[in-house]
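In this chain, residues are counted from 1 in sequence order.
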Amino acid sequence: MPALSLRLPEDLDHRLNEEANREGLPRSEVARQAISEYITRREKERFMAELVAEASAGYANEAIRNESIKITEEFLPLDNEALDIAEGRKPGEPCPEETSERWWK
């Protein structure tokens, strides 16, 4: 495993020691976990930013927007059927709100 050497400000070093003591882990393990969590979070943030940029570009394109609306409308009945099943109803059966039944009975 490659080694990393770094200098920490005293307050951060103190906080690292406290966290390692609380968790019962070596300082290096706490630092490894923190670095891993930071990198994972930053990767997700970049991915989401790219996803938003692509979605914005697609939405700006009228042909893509119209095609996505068409696909969404085609899948709506299947989505509704899946929702009925997930909520414990037979497909097509009305929701309790639609039948004036009280949901808590």
Distance from [X] atom [atom1] to [Y] atom [atom2], nearest 0.5 Å?
| X | Y | atom1 | atom2 | value |
| --- | --- | --- | --- | --- |
| Ile69 | Ile64 | CD1 | CD1 | 12.0 Å |
| Arg27 | Asn17 | CZ | CG | 4.5 Å |
| Asn21 | Leu16 | CG | CG | 9.5 Å |
| Leu6 | Leu12 | CG | CG | 8.5 Å |

Worksheet item: Do Glu43 and Arg46 sit within salt-bridge range, that is, some charged N less than 4.0 Å from a carboxylate O?
Response: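 No, Glu43 and Arg46 are not salt-bridged.
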Discussion item. Please determine whether a side-chain nitrogen of the Lys or Arg among Glu18 and Arg22 lies less than 4.0 Å from a carboxylate oxygen of the Asp or Glu.
Written reply: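 A salt bridge links Glu18 with Arg22.
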Discussion item. For the backbone of Val52 and the side chain of Ser56, can you confirm whether one donor and one acceptor N or O come within less than 3.5 Å of each other?
Written reply: yes
Grouping I, L, V, M, F, W and Y whenever their side-chain heavy atoms are under 4.5 Å apart, do [X] and [Y] come out in a common cluster?
| X | Y | value |
| --- | --- | --- |
| Tyr59 | Ile71 | no |
| Leu8 | Leu4 | yes |
| Tyr38 | Leu25 | yes |
| Ile85 | Phe75 | no |

Worksheet item: Heavy-atom count around Glu74 CD within 6.0 Å, excluding the residue itself: above 12?
Response: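 For Glu74, atom CD is crowded (more than 12 foreign heavy atoms under 6.0 Å).
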Practice prompt. Could you tell me whether the side chains of His14 and Glu10 share a donor-acceptor contact shorter than 3.5 Å?
Written response: no
Fill in: Modelled atom types, side-chain donor and acceptor of Gln33 and Glu29, under 3.5 Å
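Present: a donor and an acceptor within the cut-off.
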Discussion item. So Leu83 and Glu87, do their side chains get closer than 4.5 Å, heavy atoms only?
Written reply: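 Yes, close enough: below the 4.5 Å cut-off.
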Item to complete: State, yes or no, whether a side-chain contact exists between Lys44 and Arg41 at a heavy-atom distance under 4.5 Å.
Response: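 The answer is no, as the side chains (C-beta and beyond) never meet within the 4.5 Å cut-off.
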Worksheet item: If you take all heavy atoms of Pro26 and Ala20, which pair is closest and at what distance?
Response: C-CB, 4.2 Å
Practice prompt. Go through the steps for Arg32 and Met1 under the test side chain to side chain contact (heavy atoms under 4.5 Å, CB included), then give the verdict.
Written response: CA-CA 12 Å; Arg32 264 192 297 277; Met1 183 182 312; 4.1 Å; yes
Discussion item. Using side chain to side chain contact (heavy atoms under 4.5 Å, CB included), reason through Asn61 and Arg65 one step at a time and then give a plain yes or no.
Written reply: CA-CA 6 Å; Asn61 182 316; Arg65 189 172 58 246; over 6 Å; no
